[in-house]
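Everything on this sheet refers to the single structure shown next.
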Amino acid sequence: MNVFNKNTPIKWNNDDIIKYLDEFIKLYKERPIKDNTGGMKFPHMFGLFFLLKVLKPDFVVESGIYKGQSTWLIEKTLPKVKILSIDIDMSNLIYKSNKAKYSTVDFSKQDFKKLPKNTLAFFDDHQNALERVLQCRKFGIKNLIYEDNYVDGTG
């Protein structure tokens, strides 16, 4: 599997993925939200966990937080990372991090003038992906992850 940035492909193989699996399973058992219906579950959480480990961002912008499970995962995976968690509707929030900053202002309207170069945008906000790519380009964000749990055949 390859993830490509503007200049260099980032490569990993199955051995690299398996190397992190035991660590993730242990962490997953500690998750604060046991029933995350409508949100991320084991496979998608592991994907995010692995990419966080590989990319090691300095700052994560999380757009779409629902109950807060992904905020928890980001915080536990990279304890020193700075996090901005965005959702226009915080009414479903169960887990609230003491480390993350929270905003109800849409990603597109954030003030991202001084972002670290190694910023990651994580989208689980069910918005137009192309629009989000263009917004990231405008903000200078080069690492993007999309995660939407659509029912098969509808996303």
Side-chain angles (χ1 to χ4, degrees), residues 1 3 5 10 12 16-112 115-136 139-152 154-155:
M1 178 183 291
V3 173
N5 66 29
I10 300 169
W12 58 80
D16 298 324
I17 295 169
I18 290 167
K19 174 176 81 173
Y20 286 113
L21 192 54
D22 287 337
E23 181 182 349
F24 174 73
I25 290 169
K26 183 178 176 184
L27 181 63
Y28 183 79
K29 290 176 182 177
E30 299 171 12
R31 70 197 184 281
I33 302 164
K34 301 302 184 200
D35 179 6
N36 202 30
T37 301
M40 290 174 56
K41 295 185 180 173
F42 187 96
H44 293 199
M45 287 180 69
F46 178 66
L48 176 59
F49 172 84
F50 178 76
L51 289 171
L52 289 169
K53 288 287 195 179
V54 171
L55 296 172
K56 297 177 182 66
D58 297 315
F59 185 64
V60 175
V61 180
E62 172 191 27
S63 183
I65 59 175
Y66 191 43
K67 295 178 184 178
Q69 187 95 296
S70 53
T71 309
W72 172 84
L73 180 62
I74 295 164
E75 172 185 74
K76 295 300 180 187
T77 304
L78 299 173
K80 295 181 181 179
V81 76
K82 293 180 180 174
I83 306 167
L84 173 61
S85 296
I86 303 168
D87 205 308
I88 58 170
D89 177 8
M90 298 279 186
S91 66
N92 295 303
L93 191 62
I94 294 172
Y95 176 82
K96 187 167 184 179
S97 169
N98 292 325
K99 289 185 60 181
K101 290 186 179 180
Y102 288 85
S103 176
T104 57
V105 176
D106 186 75
F107 175 85
S108 64
K109 296 186 176 24
Q110 293 288 325
D111 180 7
F112 287 137
L115 284 176
K117 191 171 188 123
N118 188 21
T119 293
L120 170 78
F122 173 65
F123 296 104
D124 192 3
D125 58 7
H126 304 265
Q127 297 301 305
N128 183 308
L130 177 58
E131 290 297 318
R132 291 300 195 215
V133 169
L134 296 174
Q135 292 158 5
C136 284
F139 295 138
I141 301 172
K142 297 179 182 177
N143 294 310
L144 292 71
I145 298 174
Y146 289 87
E147 199 295 325
D148 283 316
N149 292 334
Y150 290 109
V151 176
D152 288 345
T154 64

Mind checking side chain to side chain contact (heavy atoms under 4.5 Å, CB included) for K19 and listing every partner two or more places apart, or none if nothing turns up?
none
Non-neighbouring partners of D106 that pass side-chain hydrogen bond (donor to acceptor under 3.5 Å, both in side chains), sequence neighbours left out
S108, R132
Sequence neighbours excluded, every pair satisfying salt bridge (charged side-chain N to carboxylate O under 4.0 Å, His left out) that has a member inside residues 70-80:
none
When you measure from the side chain of Y146 to the backbone N and O of D124, does any donor-acceptor pair fall under 3.5 Å?
no
With the side chain counted from C-beta on, respond yes when I94 and Q69 share a heavy-atom pair under 4.5 Å apart, and no when they do not.
no
Sequence neighbours left out, what passes side chain to side chain contact (heavy atoms under 4.5 Å, CB included) with D111? Give chain and number order.
K113
Using 0.5 Å steps for rounding, measure from the OH atom of Y20 to the CG atom of L27.
13.5 Å
Output the distance between atom OG (S85) and atom CD1 (I74), rounded to the nearest 0.5 Å.
6.0 Å
Taking side chain as C-beta onward, heavy atoms only, is I141 less than 4.5 Å from F107?
yes
Rounded to the nearest 0.5 Å, how far does CH2 of W72 lie from CG of N36?
11.0 Å
Does S103 reach the side chain of Q110, with side-chain heavy atoms less than 4.5 Å apart?
yes
Smallest heavy-atom separation, F139 atom then L115 atom, equals O-CD1, 4.0 Å
When rounded to the nearest 0.5 Å, the distance separating CD1 of I65 from CD1 of I86 is 9.0 Å
May I have the step-by-step check of side-chain contact (heavy atoms from CB on, under 4.5 Å) for Y95 and I33, ending in yes or no?
CA-CA 8 Å; Y95 176 82; I33 302 164; 4.3 Å; yes
Under a 3.5 Å distance rule, please check whether Y66 uses its side chain to pair with a backbone N or O of M40 as donor and acceptor.
no
Output yes when a side-chain donor or acceptor of N128 lies under 3.5 Å from a complementary backbone atom of E131, and no otherwise.
yes
Main chain of F122, side chain of E62: is a donor-acceptor contact present, judged purely on distance under 3.5 Å?
no
State whether the number of non-hydrogen atoms from other residues, nucleotides or ligands found under 6.0 Å of L21 atom CG is greater than 12.
yes
Could you tell me which non-hydrogen atom of C136 sits nearest to which non-hydrogen atom of A121, and how far apart they are?
SG-CB, 4.0 Å
Counterpart residues, side-chain hydrogen bond (donor to acceptor under 3.5 Å, both in side chains), relative to D35 (two or more places apart)
T37
Nearest 0.5 Å, what's the CG-OG distance between L144 and S63?
11.0 Å
Sub-4.5 Å side-chain heavy-atom contact between L73 and F24:
yes
Would you be so kind as to tabulate the donor-acceptor pairs closer than 3.5 Å made by side chains of residues 45-58, with sequence neighbours excluded?
from	atom 1	to	atom 2	distance (Å)
K53	NZ	E23	OE2	2.8
K56	NZ	K53	O	2.9

Measure the spacing between NZ of K96 and OH of Y102 and express it to the nearest 0.5 Å.
6.5 Å
Any chance NZ of K34 has more than 12 other-residue heavy atoms, nucleotides or ligands included, within less than 6.0 Å?
yes
Please check this pair: side chain of T119 against backbone of P116, looking for a donor-acceptor N/O pair closer than 3.5 Å.
yes
